[in-house]
Every structure is written in C-alpha cells, then in structure tokens.
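Please read the structure below before turning to the comments.
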Number of protein chains: 2
Amino acid sequence: MVTMANAQILVVDDEPDILSVLVYHLSREGYRVTTAVNGQGALTTADADRPDLIILDLMLPGMDGYEVLQRLRRAERTNSIPVILLTARREEEERVKGFEVGADDYITKPFSARELTLRVEALLRRAKAEPVSASRRISVGPVELDREGHRVFSEGSEVDLTPLEYRLLEVLLERRGRVQSRRQLLQAVWDTNASIETRTVDMHVARLRTKLGGAAPLIETVRGIGYRFRALDK
Amino acid sequence: MVTMANAQILVVDDEPDILSVLVYHLSREGYRVTTAVNGQGALTTADADRPDLIILDLMLPGMDGYEVLQRLRRAERTNSIPVILLTARREEEERVKGFEVGADDYITKPFSARELTLRVEALLRRAKAEPVSASRRISVGPVELDREGHRVFSEGSEVDLTPLEYRLLEVLLERRGRVQSRRQLLQAVWDTNASIETRTVDMHVARLRTKLGGAAPLIETVRGIGYRFRALDK
DNA sequence: CGGTATGGTTACAAATGCGTTACGATACCG
DNA sequence: CGGTATCGTAACGCATTTGTAACCATACCG
C-alpha cells in the first residue's frame with residue numbers, strides 16, 4: 001500500500017533505539033524521513049524543510065516536547081504541520097495537555113508498527129483532504145455550513161450568523177483540526193492587513209461559540225496560540 | 001435528414017411566389033405546413049392550430065408583421081410559439097425592433113433553401129429542448145410562475161408584475177435556496193453588464209416583496225451578501 | 001498563595017447595510 | 001401631445017453589526 005507516497009516526515013527523538021525503529025518503519029512505507037535529536041534541531045529542520053508531518057517525542061533533553069510544539073505552533077511557517085506526540089505516559093492529563101498545545105494525535109510507547117502507520121496515514125490524509133474550500137457544503141460534527149444558501153446549521157436547526165461570524169466559521173471549518181493564530185484568522189477573515197486588534201478575534205469567537213451552542217466547545221482555545229475547530233468527523 | 005419530423009409550421013406571407021417557395025421547401029423536409037396571407041388570418045390560424053413554429057413576413061397588407069407578432073405574444077395560447085421574421089430589409093434597426101417585439105430569429109430575403117431549413121431546425125430543436133432544462137411552470141410555496149402565459153400567481157390569485165419584476169422573480173425562483181449577490185442578479189436580470197447601481201436591485205426586490213404579499217418574507221435578505229428565495233418545497 | 005498573563009464577557013459608540021419614500025427620466029399609448 | 005407605467009437614482013432613517021475598551025475569570029508560575 002503506497003498511500004501517501006513521498007510525504008516527508010520529521011521524527012524527533014533522543015533515544016537512538018526508538019528513533020531507528022521509527023525511521024525503519026516509515027521508510028519501509030515509502031516516506032522520506034528526516035530526524036532530529038533535540039528540540040532546537042527539530043525547530044530548525046521544521047522551519048527549513050517544512051515536512052508534511054512531525055512525530056515528536058515529549059521527553060527530550062533540554063527543551064521538552066511541549067515547548068517544541070508550542071514554538072512550532074507560534075511560527076506561521078510551521079503551525080499547520082500535523083504533529084503526532086510520542087510518549088510513554090498514558091495518562092489522560094498528558095493527552096489533554098498535548099491537544100491543548102496543538103497536537104493532532106498521540107501515540108504511547110510501546111506502539112506497534114501498524115498503529116504507527118495507521119495514525120500517520122490518517123493524519124496525512126486529513127491534511128491532504130483539507131482543501132475543501134470549493135465544496136458546497138462543509139459538515140463537521142453537529143455543524144453544517146451550506147455555502148450556496150449561505151446558511152449554517154447546528155444540530156439540525158438553523159443558526160443566524162452575521163456576515164463576519166459566518167466567514168470566521170467558514171475559515172475555522174476549512175482549517176479544522178489546525179490551530180489558527182489570531183493573526184492568521186485576522187488575515188483570513190478580515191482580508192488584507194486591516195488594522196484590527198487581535199483581541200477582537202476573541203470577541204467573535206465567543207459570539208460564535210454561544211450561537212453554535214452545544215455542550216462541548218466546538219471551537220477550542222489553544223492557550224498562547226489561538227483557536228482551533230475540533231476535528232470530529234472523517 | 002428528417003430532423004424534427006411532423007412539426008407543424010404556419011407560414012404567413014401575402015406574396016404568392018414567396019409563399020409557394022416556402023411551402024415547397026418546408027414540405028419537402030417533411031413538415032406539415034399551413035398558410036395565411038394576412039395578419040388576421042395568421043392570428044386566427046395560430047390560435048386554432050397552435051403550430052410549432054411561425055414564419056412571418058413583415059410586409060403584409062393591413063396589419064403588419066410587427067403587430068401580428070405583438071398580438072401573438074400577448075395571447076396566452078400563442079405567446080410561446082417561436083417566430084421567424086421574414087423581411088427584405090437588412091437594417092440593424094429592423095432586427096432590433098423585431099427582437100424587441102419577441103421574434104426568435106430573422107431571415108432576410110432573398111434566402112436560400114438551406115438557410116431556411118437550418119434556421120427552422122435550430123428553432124424547433126431549441127423549443128423542444130427547452131422544457132427539459134427550464135420547465136414551463138415553477139411553483140415554490142405559495143408562488144407560481146407560468147412561463148407560457150408569462151403570469152405569476154401568489155396564493156392562487158394573479159399578481160401583476162412589470163417585465164423587470166417578472167424576470168427578477170424568475171431568476172430568484174430558478175436559483176431558489178441559493179444566495180444571489182446583487183451583482184449576480186444584475187447580470188442575470190439586466191443581461192449585459194449595464195452600468196446600474198447595485199442598490200437598484202434592492203428597490204425591485206422590495207417592490208416584488210410587496211406585490212407577492214404574504215406574511216413570511218419569501219425573498220430573504222442575506223445581509224452583506226444578497227438575496228435568496230426561500231427554498232420551501234422540492 | 002499572591003501576582004501576572006491570558007482569555008472570556010459585557011457595554012457602548014461608530015459604521016454599515018438595508019427598507020423605504022420621493023422624484024426625475026424615459027418609453028409607451030391613446 | 002398629455003397621461004400613464006416603468007425604471008433608476010438619491011436621500012433619509014432605522015436596525016444590525018462590529019471594533020474597542022473595560023472589567024472579570026481563570027490558568028500559569030514561582
């Protein structure tokens with residue numbers, strides 16, 4: 001199976017054994033693999049090579065995985081690259097923290113080769129399928145957006161949005177699962193570099209949230225970074 | 001080639017020579033042909049026989065071709081019959097006036113048999129194909145639009161619309177459920193890119209709304225975007 | 001535990017969009 | 001040639017939308 005052939009993957013781990021296992025499996029699947037053994041190297045390589053996916057161990061000497069992820073997410077060149085966190089700890093707390101900082105998926109050690117490739121494939125597929133920009137209808141979880149009719153539904157019933165809220169939701173849905181910085185959202189929603197406070201984004205996100213309703217927050221806050229629409233479907 | 005075999009064509013001309021030539025060529029192509037030699041006869045025959053096509057000479061004794069055409073268009077039973085105007089004059093002005101009154105095509109004398117049959121075939125084909133793409137009758141909620149009769153009904157009773165209002169409604173109905181920007185409507189209703197203010201659309205939408213009546217607004221405003229006819233049925 | 005940063009929430013003035021009315025221009029008709 | 005219908009534009013006012021500031025709640029940090 002040559003699913004997402006030729007995708008480039010950056011693997012970050014300081015333990016040689018794990019690193020070599022990862023490289024072996026991924027290469028065997030046909031991926032181009034680059035490596036880094038610490039946070040600084042990971043950031044440099046990510047910025048330079050712009051890999052399609054990053055597999056990041058949380059336990060690193062010096063700068064730990066969370067911080068690496070945070071920095072990746074802060075930089076616009078790298079903040080939309082899917083990241084899989086790798087950790088020995090299975091605790092719920094870790095997962096939550098990881099997702100909050102902007103991870104896309106999680107693998108706990110020990111892992112099977114099958115699990116690894118499945119998750120890698122899933123993420124690459126999602127990233128590739130992302131350009132739904134042209135589709136007439138976007139449907140994510142309980143939210144539906146009908147472009148032709150310019151209407152939005154949440155759990156079946158129509159939601160009345162202002163033009164700006166509509167655009168904001170549209171952008172978030174198009175880029176669901178990926179953290180968007182306030183500046184990115186400003187650029188996408190408010191078009192050109194309008195001189196608008198980044199805090200204004202918060203406002204409209206809040207309004208959107210209440211209008212969309214629902215118990216679980218569909219639009220998640222990634223502290224220090226920005227916002228992200230939960231990737232539920234697929 | 002027996003393209004649109006068995007179609008019935010009414011030929012209206014007062015000059016025996018031309019009339020016989022027309023009848024000859026058309027009969028040879030397999031069409032059923034009836035004739036009239038003046039306006040009054042043309043109208044009577046058209047109303048009685050409901051031909052599939054009318055070839056109408058502009059120069060007629062008494063009631064001239066324009067008037068015949070105008071009357072054909074006003075009568076519900078005949079106003080959707082394709083008409084080819086026949087004239088000796090090639091002037092642009094004549095063509096324009098003819099099309100304005102509702103002609104579908106134009107043939108200038110002298111004409112070749114080939115030109116005649118080509119145009120006849122083209123029109124018949126178009127008329128026949130039409131009901132496939134555009135139905136003769138659109139019915140959405142309480143509103144009915146009858147293309148044949150060029151009439152509009154709201155909750156059963158007829159509504160008197162100006163030509164422009166009719167066209168606007170037609171476009172909105174055809175694209176019901178989809179938002180149309182003012183610019184899109186301008187293009188669709190006013191045809192060519194006439195230099196018309198987008199706000200003018202609002203005007204006519206407002207007029208349409210009041211004429212259509214009804215409690216719930218059938219034509220919805222999508223703030224910042226345009227208008228949309230409510231998609232009720234299906 | 002305070003203190004600080006970050007995000008959520010509320011309030012409000014300014015800007016914008018739209019419905020409406022009025023009116024002039026033009027075409028059509030008797 | 002006056003009368004009528006149709007249409008495009010301008011102008012006014014109301015309602016909604018929206019950006020900002022201010023204040024409150026919570027998370028993070030030592």
Side-chain angles (χ1 to χ4, degrees), chain A residues 64 66-67 70 73-74 93 96-97 99-102 150 152 159-169 179-183 185-187 189-213 217-228, chain B residues 66-67 69-71 73-74 93 96-97 100-102 150 159-169 179-183 185-186 189-213 217-228:
Chain A
D64 77 359
Y66 290 124
E67 182 159 3
Q70 211 155 33
R73 289 299 179 236
R74 275 191 220 270
E93 190 184 328
V96 170
K97 188 173 174 191
F99 281 120
E100 271 181 3
V101 183
H150 215 267
V152 174
V159 180
D160 183 39
L161 298 184
T162 71
L164 200 128
E165 287 159 0
Y166 179 91
R167 290 225 338 139
L168 177 58
L169 177 61
V179 187
Q180 297 296 305
S181 70
R182 291 172 175 74
R183 203 150 290 288
L185 290 173
L186 276 180
Q187 191 153 354
V189 175
W190 281 255
D191 280 325
T192 49
N193 37 18
S195 61
I196 290 185
E197 298 294 317
T198 53
R199 282 307 307 281
T200 300
V201 176
D202 300 19
M203 268 289 320
H204 293 288
V205 167
R207 285 177 180 157
L208 247 187
R209 277 177 174 152
T210 65
K211 283 197 182 178
L212 290 181
L218 294 164
I219 302 172
E220 301 170 317
T221 303
V222 180
R223 194 162 224 271
I225 312 290
Y227 297 97
R228 168 185 59 194
Chain B
Y66 289 128
E67 181 153 0
L69 180 50
Q70 216 154 29
R71 294 199 184 200
R73 288 299 177 240
R74 284 205 191 130
E93 189 189 335
V96 170
K97 190 174 174 189
E100 267 178 10
V101 181
H150 217 265
V159 179
D160 182 39
L161 297 184
T162 71
L164 200 125
E165 287 159 359
Y166 177 89
R167 178 94 188 97
L168 176 58
L169 177 61
V179 185
Q180 299 295 305
S181 70
R182 292 171 174 73
R183 208 151 285 289
L185 290 173
L186 275 180
V189 175
W190 281 255
D191 279 325
T192 50
N193 34 18
S195 61
I196 291 186
E197 295 295 316
T198 52
R199 281 308 305 279
T200 299
V201 176
D202 300 20
M203 270 296 319
H204 293 287
V205 167
R207 285 175 180 156
L208 247 186
R209 275 177 176 153
T210 64
K211 283 197 181 178
L212 290 180
L218 294 164
I219 302 173
E220 300 170 315
T221 303
V222 181
R223 196 170 221 264
I225 309 291
Y227 296 98
R228 168 186 61 200

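Each chain gets a letter, A, B and so on, in the order its sequence line appears, and its residues count up from 1.
When the side chain to side chain donor-acceptor pair (under 3.5 Å) test is applied to B:Glu197, no partner is found at least two apart in sequence or on another chain. Scored by the salt bridge (charged side-chain N to carboxylate O under 4.0 Å, His left out) test, A:Arg199 finds A:Asp202 as partners (sequence neighbours excluded). By the salt bridge (charged side-chain N to carboxylate O under 4.0 Å, His left out) test, A:Arg74 pairs with no residue at all, sequence neighbours left out. For B:Glu220, the salt bridge (charged side-chain N to carboxylate O under 4.0 Å, His left out) partners at least two apart in sequence or on another chain are B:Arg228, B:Arg230.
Among the nucleotides D:dT6, D:dT9, C:dG19, the one closest to the side chain of B:Arg209 is C:dG19. Checking D:dT18, C:dC18, D:dC7 against the side-chain heavy atoms of B:Arg182 singles out C:dC18 as nearest.
In this entry the distance linking NZ of A:Lys211 with C1' of D:dT18 reads 11 Å, nearest Å. Going from atom CG of B:Leu208 over to atom P of D:dT6 covers 13 Å, rounded to whole Å. Rounded to whole Å, the distance from CG on B:Leu164 to P on D:dC7 is 5 Å. Remark: C1' of D:dA21 and CD of A:Glu197 are 10 Å apart, rounded to the nearest angstrom. If you take CG of B:Leu186 and C1' of D:dG8, they are 11 Å apart, rounded to a whole angstrom. To the nearest angstrom, C1' of D:dG19 lies 13 Å from CD of A:Glu165. Summarising the geometry, the separation between CD1 on A:Ile196 and P on C:dT16 is reported as 11 Å, rounded to the nearest angstrom. Computed from coordinates, the B:Asp160 CG to D:dT4 C1' distance equals 13 Å when rounded to whole Å.
For the pair B:His204 and B:Arg207, the minimum side-chain heavy-atom distance is below 4.5 Å. Side-chain contact between B:Thr162 and B:Glu165 is present, with heavy atoms from C-beta onward closer than 4.5 Å. When side chains are defined from C-beta on, B:Arg167 does not count as touching B:Trp190, because their heavy atoms never get closer than 4.5 Å.
Put simply, A:Thr162 has a side-chain N or O that comes within less than 4.0 Å of OP1 or OP2 on D:dT18. Residue A:Tyr227 places no side-chain N or O under 4.0 Å from the OP1 or OP2 atom of C:dT6. Contact check, A:Thr221 against C:dG8: a side-chain N or O comes under 4.0 Å of OP1 or OP2. The phosphate of D:dG8 has OP1 or OP2 within less than 4.0 Å of a side-chain N or O from B:Trp190.
Remark: the B:Arg207 side chain and the D:dG8 base include a donor-acceptor N/O pair separated by less than 3.5 Å.
Nearer the 5' end of DNA chain D, as judged by each residue's closest nucleotide, is the contact made by B:Met203, out of B:Met203 and A:His204. Between B:Thr210 and A:Ile225, it is A:Ile225 whose nearest contact on DNA chain C lies nearer the 5' terminus.
Proximity of a side-chain donor or acceptor of A:Lys211 to a complementary backbone N or O of A:Asp160 within less than 3.5 Å is detected.
The terminal axes of the helix from C:dC1-D:dG30 to C:dG30-D:dC1, fitted over 5 pairs per end, subtend an angle of 20° to the nearest 10°.
If you check every strand for non-hydrogen atoms under 4.0 Å, B:Val222 touches sugar and phosphate atoms only.
Side chain to side chain, B:Arg209 and B:Thr221 meet the donor-acceptor criterion of an N or O pair below 3.5 Å.
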How does each nucleotide of nucleotides 23-30 of chain D score, in 5' to 3' order, for protein heavy atoms under 4.0 Å: base (B), sugar-phosphate only (S), or none (-)?
---BSS--
Before you tell me yes or no, could you show the steps for A:Leu161 and A:Leu168 under side chain to side chain contact (heavy atoms under 4.5 Å, CB included), namely the whole-Å CA-CA distance, both residues' side-chain angles and the distance that decides it to 0.1 Å?
CA-CA 10 Å; A:Leu161 298 184; A:Leu168 177 58; over 6 Å; no
